[in-house]
Every structure is written in C-alpha cells, then in structure tokens.
There are 2 protein chains.
Amino acid sequence: MNESKPRTPRRSDATRTAILEAARERFAADGYDRATIRAIARDANIDPSMVMRYYGNKEGLFAAAVAIDLELPDPAAVSRDTAGQALVTHFLTMWEKNEVLTALLRVGATNEAGAERMQGIFADQLLPLARRVCPDPEQAPARAALASSQLLGLALTRYVLRFPPAVALSPEEIVAWLAPTVQRYLTAPHPA
Amino acid sequence: MNESKPRTPRRSDATRTAILEAARERFAADGYDRATIRAIARDANIDPSMVMRYYGNKEGLFAAAVAIDLELPDPAAVSRDTAGQALVTHFLTMWEKNEVLTALLRVGATNEAGAERMQGIFADQLLPLARRVCPDPEQAPARAALASSQLLGLALTRYVLRFPPAVALSPEEIVAWLAPTVQRYLTAPHPA
DNA sequence: TAGCGTTGTCCACAAGCGTTGGCCTACAGG
DNA sequence: CCTGTAGGCCAACGCTTGTGGACAACGCTA
C-alpha cells in the first residue's frame with residue numbers, strides 16, 4: 001500500500017514534510033473541520049495550493065498525516081500475565097510522544113471516515129494481541145473492545161477533554177490503576 | 001441563570017422546542033461544526049433566522065440544546081460497595097435513552113467550549129459522589145477522573161466510534177465487565 | 001375596528017472555505 | 001550554454017456559513 005521506495009528524492013521533500021507536520025498539529029488541535037488547509041499552509045509557510053498539488057485534497061492530506069503505526073510489540077513476545085501493564089505503558093508512551101493519535105481521536109469523533117480508520121487501526125493492531133493472549137479466541141473481539149474502551153477513554157479525558165485530574169495523574173499512577181483493568185479485560189474469565 | 005418561570009407560555013413554544021429537538025439530533029449526529037444552523041432549521045421546518053432570534057447565535061443554541069442533567073442518585077443514597085455497579089448501570093441507561101450525551105461528547109472532542117462544559121458536568125455531578133464514596137476525600141478528583149475515563153471510553157467506542165464488538169455487547173455484559181473496574185477506581189486502596 | 005407586539009419569511013451581506021489554473025522562477029540534464 | 005520541467009505563488013472561482021434587517025401575517029386587547 002505504501003510506496004516507500006526511497007529513490008528519486010524529490011527536491012520538494014522538505015515542503016512535503018513541513019506540510020505533514022503542520023497538518024498533524026492542526027488536526028490534533030482543531031479536528032478535521034476546523035483545521036483548514038489555509039491555516040495548515042500558513043503554518044508550513046507555503047501556499048495552500050501546494051497542499052492540493054501534493055496531497056490531492058483535504059482527505060488525502062488527512063490520510064497521509066495520520067498514517068500511523070501503533071508499534072505494538074509482537075504478540076508472541078508478550079507474556080500472558082503482564083499484557084495489561086505492557087499495553088498501558090506502551091499506549092501511554094505512544095500518546096505522550098506524538099500528537100497524531102490525538103488528531104486521529106479528535107477526527108474519529110466527528111468524521112465518519114475518521115471513525116472507520118480508527119476502527120481499522122485497533123482491529124488490525126490490537127486484536128491480534130488479544131487473540132493471542134485471551135483464553136477463548138472467540139471472545140477476543142469483545143475483550144479487545146473493552147480494553148480499547150479503557151485506553152481510549154483515558155486518552156479522551158487526558159489529551160482531548162483535558163480533565164484537570166486526568167492531566168495531573170503521573171504516568172506511573174496511570175499504569176498502576178489501569179494495568180489491572182486491561183489485564184482483567186484480556187485474560188480474566190468471563191464474568192457472566 | 002435559568003429563567004425557568006413557567007408563566008406566559010408563549011405561542012412560539014412549539015417552534016422553540018422543535019428547534020431544540022432538531023438541534024440535539026444534528027449535534028449528536030454531526031458534531032458542532034458540521035451541524036449547521038440552516039440544516040437544523042430545515043429539520044425543524046422553520047427559517048434559520050428564527051434560530052437566531054430565539055437563541056442569539058450558534059453557541060447559544062448549543063448551550064440550550066445540551067443543558068443536561070446526569071440525574072445521578074443522591075450521593076448519600078448510594079451504598080459504598082455497589083457504587084460501581086450503580087454508576088455503570090445508570091450511565092448506560094442515560095446514554096441509551098437520549099442522544100444529548102452523544103452530542104455533548106462529539107462536541108467536547110472538537111470544541112474547546114464543549115470540552116469545558118463536559119468538564120463542568122462531570123466535576124459537578126460525579127465528583128460529589130466520588131467524594132462521598134471514596135476512602136480519602138483528597139483522592140476524590142483523581143478517582144472520579146479514572147471512573148470517567150472508563151465510562152466515557154465506553155461511550156466513545158460504543159456510541160461515537162461504533163466499534164462493532166463494543167456495539168454488540170449487551171448492557172448486562174457491559175455492567176458485568178465495567179462495574180468492578182469503576183468500583184475499584186472509586187473505593188480500592190491506592191495501588192502505589 | 002384600530003393598534004400593537006409577537007411570529008415568521010425573504011433576502012442580502014461579509015467572511016471563510018476547498019479547489020483550480022495560470023504564471024513566474026530556478027534548477028537539472030544534455 | 002540552453003531548454004524542459006518541477007517548485008512555488010497569486011488571483012480567482014463557486015459555494016456554504018453565520019448573521020442581521022426589512023417586511024408581511026397573525027392574534028390579542030381596547
């Protein structure tokens with residue numbers, strides 16, 4: 001899907017990445033609708049029409065800006081008992097270090113296409129891990145969804161809504177509180 | 001703040017409520033930006049300028065449309081050991097039965113004012129309960145935030161992003177899975 | 001019946017949006 | 001050196017948005 005051949009490095013690569021960076025920032029801060037191409041171009045110190053030339057249209061730009069890899073560890077390498085802690089820690093680092101995830105979440109909340117993309121990412125990247133770790137593979141989707149609900153819920157309150165107490169929590173505290181939850185969602189017996 | 005004197009029932013009350021209903025639907029479905037005054041007016045079968053007359057501007061309309069009361073039970077009436085289950089059950093019913101909460105969540109994700117309003121609602125309505133139920137009142141904000149993260153996370157994945165496995169879960173299953181989590185966040189000893 | 005405030009419609013405005021095409025500049029390959 | 005082509009800017013388009021003002025129908029009261 002990705003033409004990542006590094007040959008013919010174009011002279012405009014600097015501009016392209018400047019656009020992408022500005023786009024990520026704006027999408028993260030404002031969501032899809034409020035993040036205007038004009039504003040992004042202004043941030044990147046170029047003309048709005050360049051965005052169109054390089055990314056076709058606004059949707060194309062968004063798609064390019066949030067092509068994200070959760071970089072989840074190999075499912076096979078995750079121990080069954082520490083999956084919860086590993087996941088929470090990993091998500092927290094990912095979320096702290098780049099704003100793309102916030103952008104994706106903000107857009108997913110307003111935009112149908114964004115929601116689908118988010119769905120895809122979690123299905124493709126979290127589900128395999130759940131399938132590997134949880135007792136009955138048939139329950140994997142539900143368990144992965146529960147885990148997502150807690151992980152995304154934290155991201156929502158901390159990075160998007162910015163509830164002061166959620167922002168104030170230290171990463172260590174968050175892991176201490178959330179890891180058992182996620183662990184339970186993934187591996188505990190069904191509570192029915 | 002609210003002039004809720006029921007006297008002088010105006011002849012335009014039907015219109016006013018029609019506008020509010022249409023506004024709630026649109027805001028829930030589209031979020032703040034995509035929900036245009038014109039579309040809302042069209043839904044309500046009136047002229048856009050009526051919206052302006054009755055609610056001043058778009059923000060005023062939104063404020064009127066999402067004046068929401070979580071209808072949380074009296075904190076004094078909640079038993080300490082069943083607070084988790086009570087909360088999850090209550091939130092689930094509230095969310096299933098009216099779309100205003102979805103609207104609020106969608107808007108909170110894109111709009112600064114929406115985020116603040118959401119913050120206010122949870123601070124005013126969930127915090128007192130947490131203060132009453134959790135062991136050390138000083139930890140109440142953090143514990144309430146953790147509980148919100150799980151509750152809002154579920155709402156996000158189920159009603160906004162519509163992850164299929166999250167949608168497929170029955171209310172009973174959700175309560176069974178989430179109640180212990182929320183209960184722990186509220187009352188379990190600090191895991192540090 | 002005359003007068004008046006309320007309700008509602010029509011129309012227009014200014015601003016901002018995504019998007020397009022043309023034009024100039026400067027570099028790369030021969 | 002000369003020329004083709006890619007990079008970049010400018011101005012403009014068609015459209016939608018929030019908003020406000022002018023004006024017609026209605027119902028009440030005197």
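Quick note on labels: first sequence line is chain A, next is B, and so on, each numbered from 1.
Residues passing the side chain to side chain donor-acceptor pair (under 3.5 Å) test with A/S149, sequence neighbours excluded: B/Q150. Evaluation of the side chain to side chain donor-acceptor pair (under 3.5 Å) rule for B/T82 yields B/S79 as partners, not counting sequence neighbours. Take A/R38 and apply the salt bridge (charged side-chain N to carboxylate O under 4.0 Å, His left out) test, not counting sequence neighbours, and it matches no residue. When the side chain to side chain donor-acceptor pair (under 3.5 Å) test is applied to A/N98, no partner is found at least two apart in sequence or on another chain. Applying the side chain to side chain donor-acceptor pair (under 3.5 Å) test to B/Y159 and every residue at least two apart in sequence or in another chain returns B/E96. For the ring pair (Phe, Tyr, Trp, His ring centres under 6.0 Å) test, residues two or more places apart in sequence or in another chain that qualify with A/H190 are B/W177.
Here C/dT20 presents its C1' atom at 17 Å from NZ of A/K58, a figure rounded to the nearest Å. One can place CD1 of A/I19 at 11 Å from P of D/dG7, the figure rounded to the nearest angstrom. For A/D30 and C/dC17, the CG to P distance is 11 Å, given to the nearest whole Å. Here the P atom of nucleotide D/dT16 and the CZ atom of A/R34 are 20 Å apart, to the nearest Å. Taking atom OH of residue B/Y54 and atom C1' of nucleotide C/dT9, one finds them 12 Å apart after rounding to whole Å. For the pair A/Y55 OH and C/dG18 C1', the interatomic distance rounds to 17 Å; values are reported in whole Å. Residue A/N57 contributes atom CG, which lies 17 Å from atom P of C/dC17 at whole-angstrom precision.
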Side-chain donor-acceptor contacts of residues 101-115 of chain B below 3.5 Å, not counting sequence neighbours, with atom names and distances?
| residue | atom | partner | partner atom | Å |
| --- | --- | --- | --- | --- |
| B/R106 | NE | A/A109 | O | 2.7 |
| B/R106 | NH1 | B/A28 | O | 2.7 |
| B/T110 | OG1 | B/R106 | O | 3.3 |
| B/T110 | OG1 | B/V107 | O | 3.3 |
| B/N111 | OD1 | B/A113 | N | 2.9 |
| B/N111 | OD1 | B/G114 | N | 3.1 |

Set out, line by line, the N/O atom pairs under 3.5 Å between protein and nucleotides 1-3 of chain D.
none

Kindly give the atom pairs (protein nitrogen or oxygen, nucleotide nitrogen or oxygen) under 3.5 Å for nucleotides 25-28 of chain D.
none

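In this structure, A/Q85 places its CD atom where only 12 or fewer heavy-atom neighbours from other residues, nucleotides or ligands lie under 6.0 Å away.
Screening residues 122-141 of chain B for side chain to side chain donor-acceptor pair (under 3.5 Å), with sequence neighbours left out, gives B/Q139-B/R143. The stretch residues 49-63 of chain A participates, sequence neighbours left out, in these side chain to side chain donor-acceptor pair (under 3.5 Å) pairs: A/D47-A/S49.
With hydrogens and angles ignored, the 3.5 Å screen pairs a side-chain donor or acceptor of B/R158 with a backbone N or O of B/A166.
Annotation: proximity of residues 37-53 of chain A to DNA chain D (heavy atom, distance under 4.0 Å) is found for A/R38, A/I46, A/D47, A/S49, A/M50, A/R53, numbered in ascending order.
For A/T15 and D/dG8, the shortest distance from a side-chain N or O to OP1 or OP2 is below 4.0 Å.
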